[in-house]
Amino acid sequence: MDKNNLKKPELLAPAGSFEICKAVIFAGADAVYAGGSRFGARAYAQNFTQEQLLEAIDLVHLHKKKLYLTVNTLCKQEEMEALYGYLKPFYMQGLDAVIVQDFGVMRLVREYFPGLSVHISTQMSVASADGFSYLQKCGADRIVTARELSLAEIRQIRSQSELEIECFVHGALCYCYSGGCLLSSMLGGRSGNRGRCAQPCRLPYTVFDDRHRRMAGKECYPLSPKDICTIDQIPELIQAGITSFKIEGRMKSAEYAAGVTSIYRKYIDQYVEKGSAKVSRHDHERLLQTGNRSGFTDGYYTRHNGPQMISINRPGHEKSEAADLGFLSEKKLSVCGEAFFETGRPARMEVSCSGDTASAEYGMTQEAQKQPLSRKMLEEQLSKTGNTPFEIEALTVHLPKQAIFLPKQELNQLRRKALGQLQEQMLRRYRRSGQGIPEAYQNIGVVSKPIASDSFSEDRIAFTAVVEQQAQLSAVLERDFIKRIYLDSAMYSHEQFTAQLKEQILYIHAAGRQAYLALPPVFRDRTVRFYERHWQDIAAAGPDGYAARTIDELGFLERMRMDKDCCVLDHSLYTYSNETKDCYIKEGWRFDTIPLELNKKELRARDNTQSELIIYGHLPLMTSAQCVKKTFGQCRQAHGLCYLKDRYAKEFPVRNVCSECYNTIYNPQPLSLIQLAQELCQLHPAAYRLWFTIETQQAASRVLDSVQAAFFQHKAIDMNKVLGAYTNGHYKRGVE
């Protein structure tokens with residue numbers, strides 16, 4: 001990018017409270033993001049009341065800044081109506097944008113709140129130009145990219161998309177690709193998708209290799225990334241075409257948020273205005289003193305992963321109480337004014353600020369009898385702005401020849417009225433009338449009924465299975481009740497991908513079953529290029545369809561002109577509500593997978609007739625660009641397992657998939673709803689799905705025997721005898 005044509009990026013700061021909102025605005029933020037009382041991904045932050053948020057919207061607009069509201073949790077069925085009523089007053093006040101994760105919420109905002117910008121949260125983990133293209137078509141204005149993207153990937157997206165790109169530049173990093181983490185949810189019922197993450201990734205673990213030998217000599221913190229700091233990368237970030245630099249930290253103090261904001265403001269301005277941004281040692285130290293985890297990392301912008309990014313020995317923040325954190329005092333808006341006094345007429349005051357002008361009249365100017373008002377006294381009284389956002393910079397007082405008098409309270413009221421009119425004038429351009437939008441949400445529970453599918457017959461129980469190993473496939477094909485098999489892409493190396501895929505599809509077809517290819521859980525540029533090169537051969541291998549796990553894959557499948565009736569949305573393309581499910585149906589995606597965090601009551605409120613229900617599996621709790629083996633110097637570029645033992649002696653299997661370079665952490669206790677066979681019939685799913693991940697062929701066979709006994713022979717099954725310890729997942733408890 002030509003330095004002479006650099007566009008100054010927006011500096012976006014966190015606001016966990018109204019006081020922090022003021023602090024970061026005065027510290028130089030161009031915009032703030034804040035959470036209200038509901039629907040935000042930081043449920044335990046201080047957050048704003050409705051009154052405070054309305055006031056904050058006005059505050060930022062008076063300073064010609066912007067406020068974005070976080071609505072970045074997944075919404076349940078009963079919450080969609082409440083969401084509409086929650087957003088409406090902020091919309092009318094002039095809210096600049098909402099940040100969303102739920103596809104249905106995005107479409108709700110687009111349909112009911114015209115002119116309100118939609119920003120896609122990093123919780124949707126968008127990682128490719130295909131994802132950008134797909135979401136732009138659906139109405140997105142900006143995308144907060146997955147934190148794991150490199151500068152090269154961002155530049156690639158920038159070259160293909162006109163959408164605004166927002167990226168994190170400072171603060172905490174998640175170990176998992178955002179939005180895909182079920183670790184906190186499955187272990188303790190606190191869902192990151194609902195803003196309640198308990199951060200079990202920051203706890204200590206003991207690390208073992210596949211032979212259960214210690215990879216580290218002691219308990220440590222292998223899942224705790226250092227905080228990101230990119231102050232030295234500002235030139236490269238700007239040149240990559242990033243629209244908005246985002247500082248993480250809605251749970252942090254005003255001192256932290258304002259201090260970090262002021263330093264990034266300084267060096268962004270320096271680079272854009274002078275072409276250089278050499279960061280001083282003093283400012284490096286100030287950033288360290290705001291808080292760090294064993295130092296900083298510059299994140300994923302220049303590397304895919306590595307031990308230097310992980311705070312192995314301690315997970316918490318280190319602070320220096322003596323630090324100069326750069327907390328800035330309030331900056332008031334400069335006002336120029338004139339006051340006019342004429343005996344027998346109302347006093348009048350005209351004020352102007354940033355191109356806006358207002359005037360007011362109040363009181364009656366009298367001829368002075370005893371105590372005439374001097375020019376100085378009038379200037380002093382009319383310049384007292386108190387707790388308003390204004391400061392009188394210059395005031396001209398026009399007096400008649402004769403001495404005059406007005407009571408002091410009338411002068412105060414004149415000033416208040418004039419400044420109030422000025423504030424109203426400055427904010428008028430941001431207000432929305434609300435005309436053309438309904439009084440209440442009108443689409444509760446309405447789902448577009450798709451044409452009946454002949455994939456599964458409605459007069460019998462249908463089963464599908466995901467397999468991640470060849471041995472599991474052999475076990476599945478021994479049972480004729482499994483009608484569709486999803487071949488997980490992790491089964492194949494890139495070198496033998498299409499040959500192995502074709503061989504297994506022929507094997508499945510010979511047994512009279514359907515074979516679907518389950519695409520990877522992450523679909524970044526490297527993966528996109530591989531699938532582009534080999535797509536013709538993949539299609540020629542004869543899969544009956546595909547399971548898509550990310551928004552990026554939906555965009556890719558559309559670009560490849562795939563028949564959407566042959567595509568199934570996996571559970572990670574969340575459809576908590578009928579509204580969200582309906583949004584995908586309207587886009588042509590008729591078949592999906594029921595999310596894993598809904599309880600029995602919520603499942604019954606959902607239309608499941610075109611959805612598969614996962615009833616068994618060691619569920620993936622995290623997918624990460626990091627690699628546990630690489631963190632401990634044991635990367636061998638070969639697929640395999642290692643284990644993390646927590647403080648309760650649970651051992652979490654971790655699989656490294658080297659062809660795509662990601663790790664998956666599995667729940668040591670498998671989900672099982674098999675024992676609830678008769679009860680599950682009331683949910684009316686299109687099919688029941690078994691998900692085989694780390695099982696041996698023998699273990700998979702035992703599970704399949706249990707399914708046959710429970711669903712077809714109507715036997716009561718003791719799954720403890722089959723599995724040992726297992727979990728019902730969220731079927732009974734759900735998440736808040």
Take Gln239 and Tyr271 through the side chain to side chain donor-acceptor pair (under 3.5 Å) test and state the conclusion after the steps.
CA-CA 11 Å; Gln239 291 167 22; Tyr271 182 70; 2.5 Å; yes
From CA spacing to verdict: side-chain contact (heavy atoms from CB on, under 4.5 Å), Ile157, Leu149
CA-CA 10 Å; Ile157 291 170; Leu149 295 193; 3.8 Å; yes
Apply the test side chain to side chain donor-acceptor pair (under 3.5 Å) to residues Ser244 and Glu164: give CA-CA distance (whole Å), side-chain angles for both, the deciding distance (0.1 Å), then the verdict.
CA-CA 8 Å; Ser244 180; Glu164 295 182 352; over 6 Å; no
Take Cys181 and Leu621 through the test side-chain contact (heavy atoms from CB on, under 4.5 Å) and record every step on the way to the result.
CA-CA 6 Å; Cys181 183; Leu621 302 180; over 6 Å; no
What verdict does the side-chain contact (heavy atoms from CB on, under 4.5 Å) test give for Tyr662 and Met622, after you've listed the backbone C-alpha separation in whole Å, the side-chain angles of each residue and the deciding distance to 0.1 Å?
CA-CA 10 Å; Tyr662 66 83; Met622 277 190 169; over 6 Å; no
Going through the distances and angles, do Glu468 and Arg655 end up as a side-chain contact (heavy atoms from CB on, under 4.5 Å)?
CA-CA 11 Å; Glu468 295 189 10; Arg655 172 173 288 160; 2.7 Å; yes
Side chain to side chain donor-acceptor pair (under 3.5 Å) evaluation trace for Gln77 with Ser577:
CA-CA 4 Å; Gln77 179 65 39; Ser577 69; 4.8 Å; no
Can you check salt bridge (Lys or Arg N to Asp or Glu O under 4.0 Å) on Lys226 and Asp298, steps first, answer last?
CA-CA 9 Å; Lys226 296 179 181 179; Asp298 59 4; over 6 Å; no
Side chain to side chain donor-acceptor pair (under 3.5 Å) evaluation trace for Ser191 with Glu597
CA-CA 8 Å; Ser191 170; Glu597 294 185 307; 2.8 Å; yes
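Under the 4.5 Å side-chain criterion, counting only non-hydrogen atoms from C-beta, Thr593 is in contact with Val568. At a threshold of 4.5 Å between non-hydrogen side-chain atoms, the residues Thr550 and Leu554 do not count as touching. Side-chain contact between Ile20 and Pro14 is absent, with no heavy atoms from C-beta onward closer than 4.5 Å. With a 4.5 Å cut-off on side-chain heavy atoms, Val144 and Ser121 do not count as touching. Looking only at side-chain heavy atoms (C-beta outward), Val100 and Asn72 stay at 4.5 Å or farther from each other. Looking at heavy atoms from C-beta onward, Ile120 lies out of side-chain contact with Asp141 at the 4.5 angstrom threshold. Between Ser184 and Arg196 the shortest side-chain heavy-atom distance does not fall below 4.5 Å. Under the 4.5 Å side-chain criterion, counting only non-hydrogen atoms from C-beta, Tyr91 is in contact with Ile437.
Donor-acceptor pairing under 3.5 Å is recorded for the side chains of Arg606 and Ser611. A side-chain donor-acceptor contact under 3.5 Å links Glu612 and Thr464. Looking at Arg202 and Ser224, their side chains do bring a donor and an acceptor atom within 3.5 Å of each other. A donor-acceptor pair shorter than 3.5 Å cannot be found between the side chains of Glu553 and Tyr531. Between the side chains of Thr498 and Asp537, no donor N or O sits under 3.5 Å from an acceptor N or O. Side-chain contact of Gln626 with His304: a donor-acceptor pair under 3.5 Å is absent, judged by distance alone.
A salt bridge does not link Arg524 to Asp130: none of the charged nitrogens lies less than 4.0 Å from a carboxylate oxygen. Of the charged side-chain nitrogens involved, none lies within less than 4.0 Å of a carboxylate oxygen, so that Arg107 and Glu579 do not count as a salt-bridged pair. Taking 4.0 Å as the cut-off between side-chain N and carboxylate O, Lys66 and Glu10 do not count as a salt-bridged pair. A salt bridge does not link Glu153 to Arg526: none of the charged nitrogens lies less than 4.0 Å from a carboxylate oxygen.
In this structure, CG in Leu287 is found 5.0 Å from SG in Cys229, a value given to the nearest 0.5 Å. The CZ atom of Arg155 lies 7.5 Å from the OG atom of Ser150; values are rounded to the nearest 0.5 Å. Note that the SG atom of Cys567 and the CZ atom of Phe591 stand 10.0 Å from one another [nearest 0.5 Å]. Distance CG/Leu183 to CZ/Arg190: 12.5 Å, rounded to 0.5 Å. Distance check, rounded to the nearest 0.5 Å: CG of Asp544 to CG of Asp563 gives 12.0 Å. Here Ile154 contributes atom CD1 and Cys167 contributes atom SG; the two are 3.5 Å apart, rounded to the nearest 0.5 Å.
Contact record, Asn193 with Gly179: OD1-O, 3.4 Å, taken as the closest heavy-atom pair. Across Thr73 and Arg194, no two heavy atoms sit closer than the pair CG2-C, 3.6 Å.
When ring centroids are compared, Tyr84 and Phe113 come within the 6.0 Å threshold. Residues Tyr486 and Trp691 keep their aromatic ring centres 6.0 Å or farther apart. Between Phe497 and Tyr492, the gap from one ring centroid to the other is short of 6.0 Å. Here the two rings, on Phe103 and Tyr584, have centers that are under 6.0 Å apart.
In summary, of the residues considered (Tyr546, Phe523, Phe530), a ring-ring contact (aromatic ring centres under 6.0 Å, His included) with Phe556 occurs for Phe523 alone. Of the listed residues (Asp592, Asp102, Asp607), just one forms a salt bridge (Lys or Arg N to Asp or Glu O under 4.0 Å) with Lys581, and that residue is Asp592.
Ring geometry, Tyr256 versus His170: the interplanar angle falls from 30° to 60°, so the pair is classed tilted. Using the six-membered ring where Trp is involved, Tyr576 and Tyr574 have ring planes that are perpendicular, over 60° apart on the 30 and 60° scheme.
Atom CD of Glu532 is surrounded by more than 12 heavy atoms from other residues, nucleotides or ligands within 6.0 Å.
When atom types are taken as modelled, the side chain of Arg110 and the backbone of Gly139 share a donor-acceptor pair closer than 3.5 angstrom. Here the side chain of Lys8 pairs no donor or acceptor atom with the backbone of Val272 at under 3.5 angstrom. A distance-only check finds a donor-acceptor pair linking the side chain of Asn663 to the backbone of Val628 [under 3.5 Å].
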